[in-house]
2 protein chains.
Amino acid sequence: MYFALALNDLKFSRTQHFEGQVERSKIMSKKKNKVVTIYDIANELNYSPSTISRALKNHKSIGKDTTKQIQETAKKLGYRPNSLAASLRNNRSNNIGILIARINRPFISSLISGVENSARAAGYNVLISQSDDNYKNEVANAKALYDSRVCGIVASLSMETKNVDHFKQFIEQDIPVVFVDRVPSDLNSYRVIIDNYSAAYKATEHLIQQGCKRIAHFAGAQHLNVYKLRKNGYIDALKAYDITPDKDLLICMSTLSFEEGKEATSKLLNMKNPPDGIFSSNDTAAVSAIMEAKQKGVKIPEELAVIGFNDDPLASIVEPALSTVSHPAMKMGELSTKRILEHADKKMEKGVSEITILDTEVIVRASSKRLK
Amino acid sequence: MYFALALNDLKFSRTQHFEGQVERSKIMSKKKNKVVTIYDIANELNYSPSTISRALKNHKSIGKDTTKQIQETAKKLGYRPNSLAASLRNNRSNNIGILIARINRPFISSLISGVENSARAAGYNVLISQSDDNYKNEVANAKALYDSRVCGIVASLSMETKNVDHFKQFIEQDIPVVFVDRVPSDLNSYRVIIDNYSAAYKATEHLIQQGCKRIAHFAGAQHLNVYKLRKNGYIDALKAYDITPDKDLLICMSTLSFEEGKEATSKLLNMKNPPDGIFSSNDTAAVSAIMEAKQKGVKIPEELAVIGFNDDPLASIVEPALSTVSHPAMKMGELSTKRILEHADKKMEKGVSEITILDTEVIVRASSKRLK
DNA sequence: CTGTTTTACGCAACCGATTGCCTTTTATTT
DNA sequence: AAATAAAAGGCAATCGGTTGCGTAAAACAG
């Protein structure tokens, strides 16, 4: 009897280096920073660690009462699962990686916010990385996220990215990749986007309906399909209203920055035949256009109507307030997380992409309101 | 001879469940998604895994040549360390946690950006969590970050936080906690802040020097020391210039939101003896004041000079451009990371906090420029 | 009262890197 | 040349949770 009890007591203690370890660990357990593991629960209740593990995740092969008892004891002891251990064993963490160009931009930080909210609600953590719009950084960050065994990634391409091979490592390991906004067109993946073409079409159409005849467009880097689609929407809207696109009014920028916008506006306004409207692919450049025009004494919207894209906070502050196109960043982040979490349940077919398209709307403010 | 070779070949293969495993693993290794581990390198070069591990981190007990050979082979085989395994063993990851109220705010997203840049440069990842200015979320997020074994955290308190016990778990485990901006005053930790008192003093002084006699202040929640210090700086500046602080001009807000600012401004302007200057604890409320004043036909800065705090992008867009106080968010993020990375080298004394204070400057723009 | 299924749980390998201690070999000292 | 020190590397335990397989006992069927 004595032996049986003794054996029982030792049954699930971990293999130890030293003979005296049992005593030592008892002492240890008095220290406050001792962390509780499933082995401690196992010892407490005389179950095996496997039973504890299963009970904690409500595995059906463990009895109802046992499960309850174990879960209560776990709570009583203040057990906190070591996710590193589980991740190592499963070769997958519960971290979602985010790969974007720059965190401190309104659209992106709202996107991240959306991802974070929904990820955390589901018990996942969020790892961020920014490439600073640099291709090499993007590749390095993709490696780093891969190495930390993220269970999925949300990505928006850098301005420089043309080759997307660095995402293939994820796809090969069946790690879901969700591209948002700036997405590649030739990779088997999830995509969460807006209909850039029709958004641009509607924005341009709005300017036309306000009486603009010569509408300029600030286009972004054309290898990024968001900007290409916006440009196409712009051109097709013009054509639909029998306006011949004028090459001089199509300004291709590389970053759509404040400076680029300012300079472009300056040139446009100095033309012998200046535009009476500008549709910018982002709000930053649009705001710079407004400020430059005002400085030059050009009346907005009477002489120059302006509409931007994104609905950044700036848009409602600038004067006159900037008309723009809504870009549901937060929502896009939430949907991206959803795609990743759902992915576990299904098998993605090779060569198939799942695309989620969100609605946008033209937000009309003073900068383009010429009628009435 | 035959046996010796055979033994040698098997020497470092992991313990396997099945007899036929050796063949099987050879087949496996042809699959492209086989991941290379130190065991593979060990087998390749006939060294033990421990030697590989040491060589890869340039441990001095491994010979120079051996180390070189191992590192080259590692590269050749495309070895990528499994940080989960290392983290489990060391009970610490190389993830830095960020705990803030809201990601999509200019100051915060720049702060995160600074943390991310410097962390990644040092080979660390960044985990984010936002509390939405809710105390319970903050506590839960702290738990989550703790559970994922971050090696340090950067935190800025939520508006609601009064009790900071949820940070003690980190300190007990010697995990460095760096508070930024909204810091507690009674916790043994690192802090990266600006001198809020003197920044506010200087901002208020600036308004006085521009001829303001009745200066109002938009104060934030007073249990957060940033806002309390700004209020104190404001009051002391007034006193220094023999202006008696008027209680009616001291508006305590809870969130310093656009709406709160608008409402407060409206009330102030309706007073029989309205203020001729406003020093706001943030730019959002300051901008709302400008807009509200303009709408009421109050001239800025002639009838009402306004200065904000933070230098958000909005500040230079609003018209007239908002004077404000710079808040080096990016820099603060970088310094926070630095504190965490340095922490490993030193021992923090119980009861001692290390505080880093950054310079700020008053940025004078049109909204407060009354002279000349 | 046997034979079969189900229930409930234990065993031990496993994930991959790290590290204290030990052994063997080589270099240095007296 | 003997003794000591230093260099180079291996052994095996360890971190903590997970899981395929095996088994004893209980429930059920016949």
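These values consider heavy atoms only, across backbone and side chains, with no hydrogens, waters or symmetry-generated copies. Note on naming: letters A, B, ... go to the chains in the order of the sequence lines (proteins, then strands), and numbering restarts at 1 for each one.
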Could you work out which one of [options] sits closest to the side chain of [X]?
| X | options | answer |
| --- | --- | --- |
| B:Tyr47 | C:dT19, D:dG10, D:dG16 | D:dG10 |
| B:Lys57 | D:dG9, D:dT18, C:dT18 | C:dT18 |
| B:Ala86 | C:dT18, D:dG16, D:dT19 | C:dT18 |
| A:Thr51 | C:dC15, D:dG17, C:dC9 | C:dC9 |
| B:Thr37 | C:dA17, C:dT18, D:dG17 | C:dA17 |

Send over the distance from [X] [atom1] to [N] [atom2], rounded to a whole Å.
| X | N | atom1 | atom2 | value |
| --- | --- | --- | --- | --- |
| A:Lys60 | D:dT19 | NZ | C1' | 13 Å |
| A:Leu88 | C:dT18 | CG | C1' | 12 Å |
| B:Lys64 | D:dA6 | NZ | P | 20 Å |
| A:Leu84 | C:dT18 | CG | C1' | 14 Å |
| A:Ile70 | C:dG10 | CD1 | C1' | 12 Å |
| A:Leu56 | D:dG17 | CG | C1' | 10 Å |
| B:Arg54 | C:dT19 | CZ | P | 9 Å |
| A:Asn91 | C:dG16 | CG | C1' | 10 Å |

Charged N to carboxylate O below 4.0 Å: is that the case for [X] and [Y]?
| X | Y | result |
| --- | --- | --- |
| B:Glu116 | B:Arg120 | yes |
| A:Asp65 | A:Lys68 | no |
| B:Glu72 | B:Lys75 | no |

Go through the steps to decide whether A:His343 and A:Tyr190 satisfy the test side-chain contact (heavy atoms from CB on, under 4.5 Å), and finish with yes or no. CA-CA 10 Å; A:His343 180 83; A:Tyr190 293 91; 2.8 Å; yes
Whichever of B:Thr67 and A:Ile38 has its nearest DNA chain D nucleotide further upstream toward 5':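 In this pair, the answer is B:Thr67.
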5′-ward residue of the pair B:Ile62/B:Asn90 relative to DNA chain D: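 The residue mapped nearer the 5' terminus is B:Ile62.
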Is the shortest side-chain N/O distance from [X] to OP1 or OP2 of [N] below 4.0 Å?
| X | N | answer |
| --- | --- | --- |
| B:Ser53 | C:dT18 | yes |
| A:Tyr39 | D:dC15 | no |
| A:Thr66 | C:dC9 | yes |

Between C:dC11 and A:Ser50, counting only base atoms on the nucleotide and side-chain atoms on the residue, is there a donor-acceptor pair under 3.5 Å?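 Yes.
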Please determine which of A:Val177, A:Leu99, A:Val180, A:Val126 meets the side-chain contact (heavy atoms from CB on, under 4.5 Å) test together with A:Val154.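 Filter result, single survivor: A:Val180.
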